[in-house]
Every structure is written in structure tokens, then in C-alpha cells.
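For clarity, every value in this text was computed on a predicted model and none was experimentally measured. The basis for the numbers below is simple: all heavy atoms, side chains too, and nothing from hydrogens, waters or symmetry mates.
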Amino acid sequence: GLTHRRLRDLSGRSGLSSAGTATALLLRMRLIGYVQPDELLSNGAAKRYRPTDHMTAAFRNRVRIELQACADLDPAAAEVLARLDEPGIFARLIGELGGAAFEAARNPHPDARAIDVFAMRSAGMLIMYQLLNDADDGGPFPPSDGEVDVSIAAYARRFKVSRSHVLTVLRDAESFGVLTRLDGGRVRMETEAGKVFRLFYAVIYLGLMEGCRRTLDRLPA
């Protein structure tokens, strides 16, 4: 079962987040109704937590959308999508994807370092997505060599972080060659942005398709 201690330990061992971030994550999941206490200690504190039906439904819908993106390319993804509501299929798929995610965290690919840095910062990926969207000129996506006006204050308000936090994300992105900060608050997306995000989506969707194949392979005959 999910406990506060196990979540902190798992986060530390996997390298996915710090123990403090794991604690904040558990608090957020409780606040939005994604987990609830399953067992209480004598002092009334929660000993174990379990996912709510709300969390399961939300995650199932997310997986369904991603499977729909793969179904035309991969027969295994199409079959899992068609059978997603069958007993055991969803749980097996999530188990396969979770195992692959922790293995990737233990053996990160050096080319994915930029994505790891953005993902580890609060709203880091959301800020990067917003930059890509703002720089989109209708051409190839992700855009490269496109310039965009960035309002640090507006980004901070939208994603509920501080302005210094937004600046930190932009500095991280610049250090990896994803963008160049220009005078007057403008930002130019560099060719490296396309490489980084194409790799990110390749890993996500190839991993999903491999998870579908393993799910089907391990179903009872």
C-alpha cells in the first residue's frame, strides 16, 4: 500500500523527486481528491492511502487519449485501446509503464537531461509548452528559430509560481541550448528545442507501444 514513508523512500531511490517533493505531492493528491486515507494510526494520522475512483478515472482517460494517438501506428496499442475497460488490462498496462519509468529514471539517457531538469521544476514543462505554443508560426513543430515576447509576470501568474522561478526555468533552457534570451524580454527558440522535444515524445510513445505489447504478451492464454 501507499504510505508517506514508502513514497518518500521510492522517490529518493528512483531519483524522480526529492523526499520533500514527494511529501508535497501526497498533500496535493489529497487536496484534489486523488488519494484518501485507507488506514489510520491511533492518533488519527493516515498510515496508508489508496487512490480514489476520481484519480483512477482521470488517469484512465489520459491513457486512453495517448493510446488513441498510437492506435493507427501500432496494432498492439489499438488492441489495448479496444480492451482497456476489460478487467485487468488497465492495471497490467500501468504496471508495465510504471516499471519502465523507474528503469529509465535509474538509467537516464544523456540526451534527455534537459527534459529531466524541466520536469523536476514546478510547472517547468508547462512553461516550456507555453513557450513552444507562443513561438508556433504554423510551420514544423516544435518550432525552432522562432522569436516570441515573454512576459515573466504573466507566466508567473498563469502557472502560480514566482517570477524568479520562471527566470530559473528560462536559464535552464538556455543552458541546454533550447532557447536564447534576447533584449527586451524576447526569446528565440533554437534548433535544439526541436531535438529535445522530439526525443521526449519518441520516448513517451515508443514506451507506450512497448508497454502495450508486453501487456498483451502477459495476458493469460
Side-chain angles (χ1 to χ4, degrees), residues 11-12 14-29 31-32 34 58-59 61-62 65-66 68-70 73 97 100-102 104-208:
S11 298
S14 68
L16 291 175
S17 67
S18 67
T21 299
T23 298
L25 176 62
L26 181 60
L27 175 61
R28 290 182 184 183
M29 288 194 295
L31 289 173
I32 65 176
Y34 268 22
F59 202 73
N61 287 336
R62 173 184 172 177
I65 291 170
E66 292 177 342
Q68 288 169 344
C70 296
L73 302 175
L97 298 179
F102 283 113
R106 286 192 291 266
N107 300 283
H109 194 288
D111 291 343
R113 178 59 181 157
I115 291 293
D116 290 341
V117 170
F118 303 146
M120 288 293 289
R121 295 196 179 279
S122 297
M125 290 297 289
L126 294 176
I127 292 170
M128 294 306 302
Y129 283 144
Q130 187 64 53
L131 279 170
L132 293 173
N133 183 68
D134 292 344
D136 183 18
D137 58 3
F141 194 87
S144 58
D145 299 326
E147 294 186 11
V148 59
D149 289 314
V150 176
S151 169
I152 303 299
Y155 275 36
R157 286 194 301 271
R158 176 162 189 175
F159 301 115
K160 296 179 174 59
V161 295
S162 67
R163 286 179 290 182
S164 62
H165 184 83
V166 176
L167 285 171
T168 297
V169 173
L170 295 180
R171 292 190 189 103
D172 287 342
E174 189 170 34
S175 70
F176 284 101
V178 171
L179 57 80
T180 299
R181 290 183 296 158
L182 308 173
D183 294 335
R186 291 183 66 79
V187 165
R188 182 177 66 242
M189 305 304 296
E190 302 293 355
T191 303
E192 188 66 19
K195 295 179 181 178
V196 166
F197 282 91
R198 277 192 294 272
L199 174 64
F200 172 65
Y201 283 109
V203 169
I204 291 294
Y205 286 108
L206 289 173
L208 178 59

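- The salt bridge (charged side-chain N to carboxylate O under 4.0 Å, His left out) test applied to D172 returns R121, not counting sequence neighbours.
- Across all their heavy atoms, L97 and G207 have their closest contact at CD2-O, 3.8 Å.
- Separation of atoms CG (L167) and CD1 (I127) is listed at 9.5 Å; rounding is to 0.5 Å.
- Side chains of M128 and F200 form no contact here, defined as non-hydrogen atoms less than 4.5 Å apart.
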Enumerate donor-acceptor pairs with a distance under 3.5 Å from any side-chain N or O in residues 179-189 to protein atoms, sequence neighbours excluded.
residue	atom	partner	partner atom	Å
T180	OG1	E190	OE2	2.6
R181	NE	E174	OE1	3.0
R181	NH2	E174	OE1	3.3
R186	NE	E147	OE1	3.1
R186	NH1	D149	OD1	2.8
R186	NH1	D149	OD2	3.1
R186	NH2	E147	OE1	3.3
R188	NE	E190	OE2	3.0
R188	NH2	E190	OE2	3.0

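- Evaluation of the side chain to side chain donor-acceptor pair (under 3.5 Å) rule for S175 yields no partner, not counting sequence neighbours.
- For the pair D134 and Y155, the minimum side-chain heavy-atom distance is below 4.5 Å.
- Summarising the geometry of V161 relative to S122, their closest heavy-atom pair is CG1-O, 4.1 Å, with the distance given to 0.1 Å.
- Partners of F197 by ring pair (Phe, Tyr, Trp, His ring centres under 6.0 Å), not counting sequence neighbours: none found.
- The OH atom of Y34 lies 14.5 Å from the CG atom of L26; values are rounded to the nearest 0.5 Å.
- A distance of 10.0 Å separates CD1 of I204 from CG of L199, quoted to the nearest 0.5 Å.
- Side chains of V178 and L131 form no contact here, defined as non-hydrogen atoms less than 4.5 Å apart.
- Taking the salt bridge (charged side-chain N to carboxylate O under 4.0 Å, His left out) definition, one finds that R171 meets it with nothing, sequence neighbours left out.
- Each side-chain hydrogen bond (donor to acceptor under 3.5 Å, both in side chains) pair with one or both residues in residues 197-206, not counting sequence neighbours, appears once here: Y129-Y201.
- Between V150 and Q130 there is no side-chain heavy-atom pair separated by less than 4.5 Å.
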